[in-house]
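Contents: one structure, followed by commentary.
The figures that follow rest on heavy atoms only: side chains count, while hydrogens, waters and symmetry mates do not. All residue numbers refer to positions in the sequence shown, counting from 1.
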Amino acid sequence: MLLNRLRSERGFTTVVVMVVLLVGGLLVMASFAASDGDTSIARHDQYYKQAYSAAEAGINFYYYQLNADVNYWTKCPAATTAVPVNPISTSSNNQVWRSLPGNADASYSVEVLPASGTTLPACTGTAPNKSISGVIDSTTGTFKVRSTGSYRGVKRSIVATFKRKGFLDFLWFTNYETNDPATYPTTQQASASTNCVMYYRDGRPNQVVVDTANSRNNTNCQDPDFITGDNFQGPMHTNDEFAVCGTPTFGRFAADSIEMSANSPGWHDDCNSVPNFKGTKVTKAPILTMPPSNTSLKTVAQNGGLLLTGTQHITLSGNTITVGSTTMTAPNGVIYVQNGTCTTTGYDNTEAYVHDAGCGDAWVHSTSDVTSDLTIATDNDIIVDGDLTHDNNTEIGLIANNFVRLYHPVYQNNGNWVNATTAANEPAADPGRGAMTDPTVDAAILSVTHSWIVDNWQLGAPLGTLNVNGAIAQKFRGPVGTHQNGSVKSGYLKNYVYDDDLRFRDPPFFLDPVQASWRILGENEQVAAH
């Protein structure tokens, strides 16, 4: 009996089964818990991405509104269908949200941010309100918009910086691709003003052959050609169309936009030409409008810069500004030279180009790389009378109401015009400085009402290549030399290279076009979200 009881396994199997079930259940619960944790992490990551996409949608919404109305930023923000943007400095608890179409769980909230250091008054209504113009940073010409995206409780914020499409987006900008009427002989300026201040597509008559013997046709207009050997390494824009003779190069690569506001092909041929478009050719491009003057910079110079009167000779070196023989400073980076007593403000196309001493002209060059950002502006002309260079961390702006000129003195020798390369033969315009071979100008150049031009471009022997590293914007196309069938006869070939840093930073207080469209300069995420 005892042996039978010891052999019995009754109840033992049940215990084993229970243990196995318990362990199995624990394993299932552990697996479920682990799986549920992974699911939560994956879900949060999905929400995180959806919130960012919603924030991007808010930026795109605002960008669309700016494209439709370039003055949209001046509208007084309100939570209405007219201007569905939060008033400046709206707290996160009071933000008005807009749902994404087709996704009720995703929404965004947009607000325009004030410029650094600006305190703005309350803004009501939906009409344009000048009080919010303080959203524009007066130094960079930019403003910022913050968009916060939300998806199922997860928020992310993006701050986008907007900037007008401007002259500094291009290596080369012209309103008219024809000579300034002011550069014609006095007896022909009225005719040129009547016949030539129009776009080529509107019927401007073109004189193909550059004059000899220093004379011009009374009825036709001088349209300087881009010729073989001219090299434009960067994006370009003209409100007109290009005149071409030979095989000039436009652009460096496909990303360089070569824009012409004319219909296709956007250029006209003066001598069986085959231009080399390395950039992407764009026709029917929107017109960019020149500002009426640069006088706003006079106020900037009065308030923290350097305001000078009458003709000034400025030498730059490192971060040192020497005016005449005196070292001066411009704390906000702007020098403005205004007119005093000035009667000779017009262009003088004779060999000695000298204005009254009271005219607001700035003669400028550098003796070493400039190392501090600087903008020089004038009531009258800016004359570059030597190499002007800066380092890789600096930008220089030259903004003249009238001409920005490259100094090129000449004199007569046995009836021939000769380059005055030495001080002994130089006229009194700029004692001690002569004509330059292969000069270099590192600057963003803007001639508001006239041209970037070489003095006496039609006289003397060729002087090599004019190297500009920066950007050039001008109302009229300024000649830098003459040619015959694409071969240089006087002045310079052009080697112009775009300074890509100008896409992101300007010389101090550089001017923008009037009524230009906006572009997104950059985006960054704000952590933590608003």
Audit row: F143, W518, ring pair (Phe, Tyr, Trp, His ring centres under 6.0 Å) steps and yes/no:
CA-CA 10 Å; F143 76 97; W518 294 87; 5.1 Å; yes
What pair of heavy atoms forms the shortest contact from C221 to T178, and how long is it?
CB-OG1, 3.9 Å
Can you tell me if CG on N303 sees more than 12 non-hydrogen neighbours from other groups inside 6.0 Å?
yes
Show the numbers, then the answer: is there a side-chain contact (heavy atoms from CB on, under 4.5 Å) between I321 and L316?
CA-CA 5 Å; I321 301 168; L316 306 175; 4.0 Å; yes
Side chains of F170 and F232: does their closest heavy-atom pair fall under 4.5 Å?
no
Positive for side chain to side chain contact (heavy atoms under 4.5 Å, CB included) with Y336, one of T299, N294, L306:
N294
Close side-chain approach of K281 to F250, heavy-atom, < 4.5 Å
no
Quick one about Q233 and N495 (side-chain donor to acceptor, distance below 3.5 Å, no hydrogens or angles considered), yes or no?
yes
Angle class for the W172/F226 ring planes (parallel below 30°, perpendicular above 60°, tilted otherwise)?
perpendicular
Assign the ring pair Y63 / F162 to parallel, tilted or perpendicular, where the plane angle (0 to 90°) is split at 30° and 60°.
tilted
If the condition is ring pair (Phe, Tyr, Trp, His ring centres under 6.0 Å), which residues does F476 pass it with, not counting sequence neighbours?
Y176
Sorted by chain and residue number, the ring pair (Phe, Tyr, Trp, His ring centres under 6.0 Å) partners of F173 (sequence neighbours excluded) come out as F167, H237
Would you say D225 and D270 make side-chain contact, with heavy atoms under 4.5 Å?
yes
Within 45° cone of Y200 ring axis and under 6.0 Å: R204 NZ or CZ
no
